[in-house]
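Report on the following structure.
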Amino acid sequence: MKFIDSGEGKVPLLSALAILAISLTVNLPGLAISPVLGRLKDVFHSTAIEAQLLNVLPNLLTIPFILGAGKICTPKNQLTVLSIGLAIFTATGIAYFFAKSMIVLIILSCILGVGIGLVIPLAASLISQNFSGKPRGMMLGVKSGLSNLSLIIATLYVGWIATRNWHWAFAAYFIPVIPLVMVPFIKSKFINQQREVPQITLSSSDVESQNFHFRGKEAKNMLWFALIIYFILSYGALVFSYYLPFTMEAYGMSTGHVGVATSMFYLAATLAGFGLSKVIKATGIWTFQLGMIVVALSLLGVGFIHSFASYIIGTFMLGLGYGVIQPILYDKTSYFAPTDAKATEYFALLLTSSYVALSCIPFIVEFFGTFIKGNTDPSFPFILNGVIMSIMAIVVVVKHKNFVVQAGVIPQGEGIVKQPSSVLTPGDRYVKSAIVGTRQDAALSNESIALESEAPVGVPMGIIPNTATPTTPSAAITSSATPSHLSPSPGTSANEEHVVSATSPEPVIETISTAPITPTSESAKIMQAAEASLADAKDSLQKMRKQQAELLKAQAQQLEDKAQELHEDALQLLDEAEALDPPSQNSSITSNNSISNNSTTNNSTTNK
């Protein structure tokens with residue numbers, strides 16, 4: 001079994017390919033069958049609007065289901081949601097072969113949008129959960145490239161087969177079968193079975209938090225900034241999909257020329273995705289800003305220069321800029337999402353902003369066209385969006401210190417928190433320190449891995465030296481365990497080290513034979529960096545505990561105030577009751593006196 005680096009250990013290559021296979025489907029609905037729309041219009045004698053619905057409806061129906069998937073997905077059920085979405089997608093693709101009217105095709109397009117809506121946020125979220133650091137950025141770039149590459153291949157296939165049999169054009173929607181059959185390879189059970197060395201497993205459903213980088217208001221502010229950027233980027237760059245055919249035809253170019261220019265955009269986006277790591281290495285933290293500038297200049301070039309060569313170059317450069325910025329935004333979102341569940345939700349919101357922008361393009365262009373002269377010029381949409389993207393480029397240059405637009409920058413402490421799904425292989429010389437994840441809206445866990453305690457010089461962080469072993473199995477995980485709390489383990493040789501095994505219900509101590517580790521400058525640097533990161537993590541935990549204590553104190557004060565109010569209300573009710581009681585007694589006395597007087601009168605009458 002081959003493994004690849006995930007940034008936090010190793011993952012099987014087959015699992016990485018299964019995760020990337022999901023990306024093959026995300027751009028297909030609607031766009032893949034664009035070349036066959038004209039043929040369908042003639043076959044069913046329908047209007048152009050009805051044919052365009054096969055393109056529009058999947059994207060519109062996708063939006064609410066992207067948001068829904070972001071809300072309902074958790075690390076426990078996300079693969080089930082993914083399988084359901086891919087199954088709906090595949091079943092719809094098969095059903096297209098039996099459609100005999102345009103209305104049936106339209107209904108199937110709606111169902112297609114439901115299926116892909118459940119899949120889209122998980123394509124990026126699963127990469128975020130299983131990769132970190134530079135490997136994550138590389139995987140997100142490959143994801144972007146694969147999604148565009150599959151669209152190019154599907155479009156070429158549909159254009160070729162459409163003239164022969166329009167039913168077979170919908171075979172492009174069979175691509176979801178590939179990730180569907182590979183879902184079992186994404187399961188943590190499969191990944192864990194490939195390991196030859198036991199791993200540290202944080203056994204609680206509570207261990208969701210993988211990022212201590214950004215939380216609360218700071219994370220939400222970054223999310224909003226990313227949503228605004230992605231909305232404007234999608235609106236600005238994807239305007240060509242609506243208006244490029246009309247613009248090129250207005251300047252005397254054929255439909256074939258339009259198809260070539262359009263394919264240049266997706267080809268460039270594919271190349272940018274596959275080569276993202278090299279682009280970032282060459283341009284550094286200014287990659288995002290340069291990508292935005294390229295998008296703006298490309299739109300202005302298409303708007304002012306009208307030749308086939310200029311359109312080819314313009315759309316190609318536009319695709320390069322868009323293909324670089326898109327995966328960087330995905331990568332940044334994975335950092336400021338505080339938990340795995342939130343990562344799926346944040347990705348859902350980010351992708352929704354893109355689909356909403358795509359749907360709003362003609363309305364925004366028409367809105368500005370009513371106030372600006374020259375709106376009848378075929379190049380007006382490109383000039384307008386070129387100006388808007390130029391303003392956006394200035395904004396991201398000014399905000400270059402914001403984490404969202406800093407390409408290749410990894411937050412301090414990345415990789416310190418261990419995910420339940422990370423892999424430890426025999427090739428690893430040390431185990432990363434593990435800290436039990438916490439959620440901001442839940443009580444802090446009092447347990448942390450004992451391996452984060454101090455280690456002697458020359459022993460990598462995470463390995464418990466042979467001088468000690470826990471006194472009980474459960475002592476392997478405590479709130480403040482240190483080597484001084486551990487007692488010697490009988491029968492352990494000098495070249496044996498202890499690791500925590502997760503194969504039994506309770507953590508047990510196993511020994512593996514290793515050679516003595518000689519201190520090196522590299523290992524010393526690793527230990528210093530790990531200790532510094534661990535100290536930062538502990539500080540973060542202390543701050544969160546302090547915040548929780550203040551919150552509990554505030555709640556206690558509120559309860560005390562409420563109790564005081566209830567006490568005052570009770571006293572007031574007692575006063576009112578006492579105020580009502582004397583009249584009751586007086587009336588009783590008056591009644592008794594009246595009866596007594598009447599009795600006396602009657603007696604005197606009788607005597608007389």
Side-chain angles (χ1 to χ4, degrees), residues 23 26-27 123-124 127-128 136-148 151 222-241 264-302 314-336 346-347 349-358 361 385-386 388-409:
S23 306
V26 297
N27 284 346
I127 293 177
S128 169
R136 178 193 290 166
M138 183 191 71
M139 289 290 287
L140 288 170
V142 174
K143 169 202 171 296
S144 178
L146 282 176
S147 62
N148 290 306
L151 180 60
M222 288 187 176
L223 174 63
W224 277 109
F225 189 39
L227 291 177
I228 293 171
I229 291 176
Y230 201 28
F231 179 90
I232 296 176
L233 174 68
S234 299
Y235 161 74
L238 299 180
V239 69
F240 84 95
S241 62
M264 286 295 103
F265 175 89
Y266 294 107
L267 176 61
T270 301
L271 296 176
F274 285 123
L276 180 63
S277 58
K278 294 182 179 179
V279 173
I280 293 177
K281 186 177 180 180
T283 55
I285 62 172
W286 294 98
T287 305
F288 198 101
Q289 288 78 5
L290 290 174
M292 197 69 73
I293 292 172
V294 168
V295 170
L297 293 178
S298 301
L299 289 169
L300 292 174
V302 172
T315 52
F316 187 84
M317 297 302 295
L318 185 64
L320 282 179
Y322 183 82
V324 166
I325 296 174
Q326 185 188 50
I328 292 176
L329 281 174
Y330 291 163
D331 187 35
K332 295 302 181 180
T333 303
S334 66
Y335 282 115
F336 56 73
Y346 279 22
F347 277 119
L349 292 171
L350 190 70
L351 292 163
T352 299
S353 69
S354 177
Y355 279 93
V356 171
L358 187 61
I361 288 175
N385 283 20
I388 293 174
M389 295 309 298
S390 298
I391 296 172
M392 197 65 206
I394 295 173
V395 171
V396 297
V397 169
V398 173
K399 294 281 189 179
H400 69 278
K401 293 184 178 181
N402 190 297
F403 174 73
V404 176
V405 298
Q406 288 183 320
V409 175

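Side chains are part of it too, since the values below use all heavy atoms of this structure and drop only hydrogens, waters and symmetry mates.
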### Query
Taking all atoms of both residues into account, what is the closest heavy-atom pair of L318 and A237, and its distance?
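Scanning both residues, the minimum pair turns out to be CD2-O, 3.3 Å.
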#### Entry: L350 versus Y230, closest heavy-atom pair with distance
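Scanning both residues completely, I find the closest heavy atoms to be O-CD2, 3.1 Å.
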Atom [atom1] in [X], atom [atom2] in [Y]: separation rounded to 0.5 Å?
{"X": "T315", "Y": "L320", "atom1": "OG1", "atom2": "CG", "answer": "10.0 Å"}
{"X": "T270", "Y": "F265", "atom1": "OG1", "atom2": "CZ", "answer": "9.5 Å"}
{"X": "N148", "Y": "Y322", "atom1": "CG", "atom2": "OH", "answer": "8.0 Å"}
{"X": "L276", "Y": "S144", "atom1": "CG", "atom2": "OG", "answer": "8.0 Å"}
{"X": "Y355", "Y": "S234", "atom1": "OH", "atom2": "OG", "answer": "10.0 Å"}
{"X": "N402", "Y": "M222", "atom1": "CG", "atom2": "CE", "answer": "5.5 Å"}

Close side-chain approach of [X] and [Y], heavy atoms under 4.5 Å:
{"X": "V405", "Y": "I285", "value": "no"}
{"X": "M392", "Y": "M292", "value": "yes"}
{"X": "I229", "Y": "F288", "value": "yes"}
{"X": "M389", "Y": "L297", "value": "no"}
{"X": "L151", "Y": "S147", "value": "no"}
{"X": "I328", "Y": "T287", "value": "yes"}
{"X": "L300", "Y": "S390", "value": "yes"}
{"X": "W224", "Y": "L227", "value": "yes"}

### Task
Check for a donor-acceptor pair, side chain of D331 on one end and backbone N or O of R136 on the other, with a separation under 3.5 Å.
no
### Task
Go through the steps for V302 and F240 under the test side chain to side chain contact (heavy atoms under 4.5 Å, CB included), then give the verdict.
CA-CA 9 Å; V302 172; F240 84 95; over 6 Å; no
### Message
Using the side chain to side chain contact (heavy atoms under 4.5 Å, CB included) definition, which of the options V395, I388, N385 pairs with I232?
### Response
I388
